[in-house]
Amino acid sequence: MAVILNTKGLRKSFGAVTAAAGISIAVEEDSVVGLIGTNGAGKTTFVNMVTGYLKPDAGDIIFKDRDITELHPRDITRLGICRSFQIPQLYDSLSVFENLVIALGIRDRNVHGSVFSRTFKLVPAANPLVVAAAEQSMQRFGLLEYRERAARLLPEGVRKLLDIAMALISEPEVLILDEPTSGVSADEKFAIMDMVMDAVRSHGCTVMFVEHDMDIVTRYAPRVVAFYEGRILADGKAADVLSDEQVQSYVIGGLRALQTGASDISHA
């Protein structure tokens with residue numbers, strides 16, 4: 001398969017802390033890649049550089065043979081790379097439907113003029129195609145019953161789904177998910193990921209997801225990239241990476257300690 005996204009030697013430092021020390025990853029079209037690592041390993045820094053929220057100190061980011069290293073996040077979104085966030089980035093005072101319409105507007109500048117009045121009041125009847133796209137997304141992600149509910153009133157699992165739906169509604173060629181199951185109960189996590197992956201397969205796009213839950217990584221990521229102290233410790237088939245001695249010691253051991261600590265706090 002052809003490479004759709006290629007990062008070459010990405011470096012990023014924050015003062016004396018090196019968050020990325022020469023990150024090079026080639027991602028093939030229609031693949032699913034899991035990014036693992038303990039807190040501070042460089043995963044989110046990498047994602048933020050790819051999506052334009054951080055600029056690397058050195059290195060290049062190539063998307064479909066185009067250098068996007070210096071582009072702004074919205075320009076990268078319009079080119080076809082969209083993301084969700086560890087903490088859902090929603091318009092909390094607006095409804096589920098309105099959040100999805102705004103996501104469509106970010107994709108297409110022209111949507112704003114036909115969907116919103118000058119007072120930023122939603123005018124859904126103005127553009128039936130936008131309404132149809134939002135309705136389809138809500139149905140796909142099981143959000144129809146929450147259509148008119150303000151985002152701030154949604155359960156955490158539903159907030160995660162809305163954030164992901166907002167990323168996918170833009171019809172990206174690359175979808176990046178930052179800890180899609182964090183803060184979600186054990187009973188919900190597989191149902192959420194199944195729904196997300198079904199939507200991705202229906203749409204057809206490349207997926208990278210950051211995750212601390214090894215059950216999720218094992219089930220959904222054929223390829224895994226392990227980060228440690230700002231560099232790539234291992235990259236390859238999931239079974240090979242997850243059984244790697246260094247990954248077991250420096251990454252998975254650390255993640256288990258984090259999960260155990262979180263469990264202890266929740267039961268305190």
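Reckoned from all heavy atoms, side chains included, excluding hydrogens, waters and symmetry mates.
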- Derivation and outcome, side chain to side chain donor-acceptor pair (under 3.5 Å), residues Thr69 and Asp67: CA-CA 6 Å; Thr69 311; Asp67 191 329; 2.6 Å; yes

- Message: Could you walk me through whether Ile216 and Phe190 satisfy the side-chain contact (heavy atoms from CB on, under 4.5 Å) test, starting with their C-alpha distance in whole Å, then the side-chain angles of each, then the deciding distance to 0.1 Å, before giving a yes or no?
- Response: CA-CA 7 Å; Ile216 296 293; Phe190 290 122; 3.8 Å; yes

- Trace of the side chain to side chain donor-acceptor pair (under 3.5 Å) decision for Ser185 with Glu188: CA-CA 5 Å; Ser185 71; Glu188 293 180 294; 3.2 Å; yes

- Task: For Tyr53 and Phe85, run ring pair (Phe, Tyr, Trp, His ring centres under 6.0 Å): C-alpha distance rounded to whole Å, both residues' side-chain angles, the deciding distance at 0.1 Å, then the answer.
- Result: CA-CA 12 Å; Tyr53 289 87; Phe85 294 82; 5.8 Å; yes

- Message: Pair Tyr146, Phe141 - check side-chain contact (heavy atoms from CB on, under 4.5 Å), show working.
- Response: CA-CA 11 Å; Tyr146 304 100; Phe141 284 96; over 6 Å; no

- Quick one: do Val33 and Val224 satisfy side-chain contact (heavy atoms from CB on, under 4.5 Å)? Show the steps, please. CA-CA 6 Å; Val33 182; Val224 171; over 6 Å; no

- Verdict with reasoning, Val130 to Glu135, per side-chain contact (heavy atoms from CB on, under 4.5 Å): CA-CA 9 Å; Val130 170; Glu135 295 280 358; over 6 Å; no

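In the displayed structure, Glu245 atom CD is contacted under 6.0 Å by at most 12 heavy atoms of other residues, nucleotides or ligands. Shown here is Ile87, whose CD1 atom has no more than 12 heavy atoms of other residues, nucleotides or ligands within 6.0 Å. Counting heavy atoms of neighbouring residues, nucleotides and ligands inside a 6.0 Å radius, atom OH of Tyr250 does not exceed 12 of them. More than 12 heavy atoms of other residues, nucleotides or ligands sit less than 6.0 Å from atom NZ of Lys55. With a 6.0 Å radius and a threshold of 12 heavy atoms from other residues, nucleotides or ligands, His72 has its NE2 atom at or below the threshold.
Relative to the six-membered ring of Tyr91, Arg152 misses at least one condition, a distance below 6.0 Å or an angle of at most 45° to the axis.
Taking 4.5 Å as the limit, some side-chain heavy atom of Asn39 sits within range of a side-chain heavy atom of His212. Side-chain contact between Val32 and Met197: present, with at least one pair of heavy atoms (C-beta onward) separated by less than 4.5 Å. Residues Ile62 and Ile68 are not in side-chain contact: their nearest non-hydrogen atoms beyond the backbone lie 4.5 Å or more apart. You'll find the side chain of Leu35 stays beyond 4.5 Å of the side chain of Glu211, heavy atoms only. Two residues are said to be in side-chain contact when any heavy atoms from C-beta on lie closer than 4.5 Å; Arg83 and Asp178 meet this criterion. Taking 4.5 Å as the limit, every side-chain heavy atom of Pro180 sits out of range of all side-chain heavy atoms of Val196. Contact check for Leu161 versus Asp163: no side-chain heavy atoms found under the 4.5 Å cut-off. Taking 4.5 Å as the limit, some side-chain heavy atom of Asn6 sits within range of a side-chain heavy atom of Val3.
Under the 3.5 Å distance criterion, the side-chain polar atoms of Ser137 are left unmatched by any main-chain donor or acceptor of Ala134. The backbone N or O of Glu98 lies less than 3.5 Å from a partner atom in the side chain of Ser95, making a donor-acceptor pair. At least one donor-acceptor pair closer than 3.5 Å links the side chain of Ser24 to the backbone N or O of Gly9. Of the possible polar contacts, none joining the Gln136 side chain to the Ala133 backbone as a donor-acceptor pair under 3.5 Å is found.
Ser182 and Lys160 share a donor-acceptor pair across their side chains, judged by distance under 3.5 Å alone.
Listed here is the closest heavy atom pair of Leu162 and Ala151: CD2-CB, 4.4 Å. Looking at every heavy atom in both residues, Gly34 comes nearest to Ala221 through N-CB, 3.6 Å. Closest heavy-atom contact between Ile36 and Val217: CG2-CG2, 3.7 Å. Taking all atoms of both residues into account, the shortest heavy-atom contact from Ser170 to Cys82 is CB-SG, 3.7 Å. Taking both residues in full, the closest heavy atoms of Ile23 and Ala20 are given as CG1-CB, 4.0 Å, listed atom of the first, atom of the second, then distance. The nearest pair of heavy atoms linking Ile169 to Ala103 is CG2-CB, 3.7 Å.
Atom CG of residue Asp30 and atom OG1 of residue Thr206 lie 5.0 Å apart, to the nearest 0.5 angstrom. Taken to the nearest 0.5 Å, the NE2 atom of His203 stands 5.5 Å off from the CG atom of Leu168. Between the CD atom in Gln248 and the CG atom in Asp244 there is a gap of 8.5 Å [rounded to 0.5 Å]. Put simply, CG on Asp75 and CZ on Arg78 are 6.0 Å apart, with the number rounded to the nearest 0.5 Å. Once rounded to the nearest 0.5 Å, the distance linking CD1 of Ile192 with CG of Leu177 reads 11.5 Å. One finds the OG1 atom of Thr7 at 7.0 Å from the CD1 atom of Ile61 (value rounded to the nearest 0.5 Å).
Clustering ILVMFWY residues whenever any of their side-chain heavy atoms sit less than 4.5 angstrom apart, transitively, puts Met195 in a cluster other than the one holding Ile176. Residues Leu104 and Leu175 share a single hydrophobic cluster, defined by chaining ILVMFWY side chains whose heavy atoms lie under 4.5 Å apart. Leu54 and Phe227 fall within a single hydrophobic cluster, where Ile, Leu, Val, Met, Phe, Trp and Tyr are joined by side-chain heavy atoms under 4.5 Å apart, directly or via other members. One hydrophobic cluster holds both Leu242 and Phe209 under the rule that ILVMFWY side chains link at heavy-atom gaps under 4.5 Å. Linking Ile, Leu, Val, Met, Phe, Trp and Tyr residues whenever their side-chain heavy atoms come within less than 4.5 Å places Val207 and Met193 in a single cluster.
Under a 4.0 Å N-O distance rule, the pair Lys12/Asp57 qualifies as a salt bridge. Contact check on Arg201 versus Asp198 returns a salt bridge, with a Lys/Arg side-chain nitrogen under 4.0 Å from an Asp/Glu carboxylate oxygen. At a threshold of 4.0 Å, the pair Arg159-Asp92 counts as salt-bridged, since one of the basic side-chain nitrogens sits closer than that to a carboxylate oxygen. For the pair Lys64 and Glu173, the salt-bridge criterion is met [side-chain N within less than 4.0 Å of a carboxylate O]. Here Glu28 does not pair with Arg223 in a salt bridge; the nearest charged N to carboxylate O distance is not below 4.0 Å. We find that Lys189 and Asp215 are joined by a salt bridge, their nearest charged nitrogen and carboxylate oxygen being less than 4.0 Å apart.
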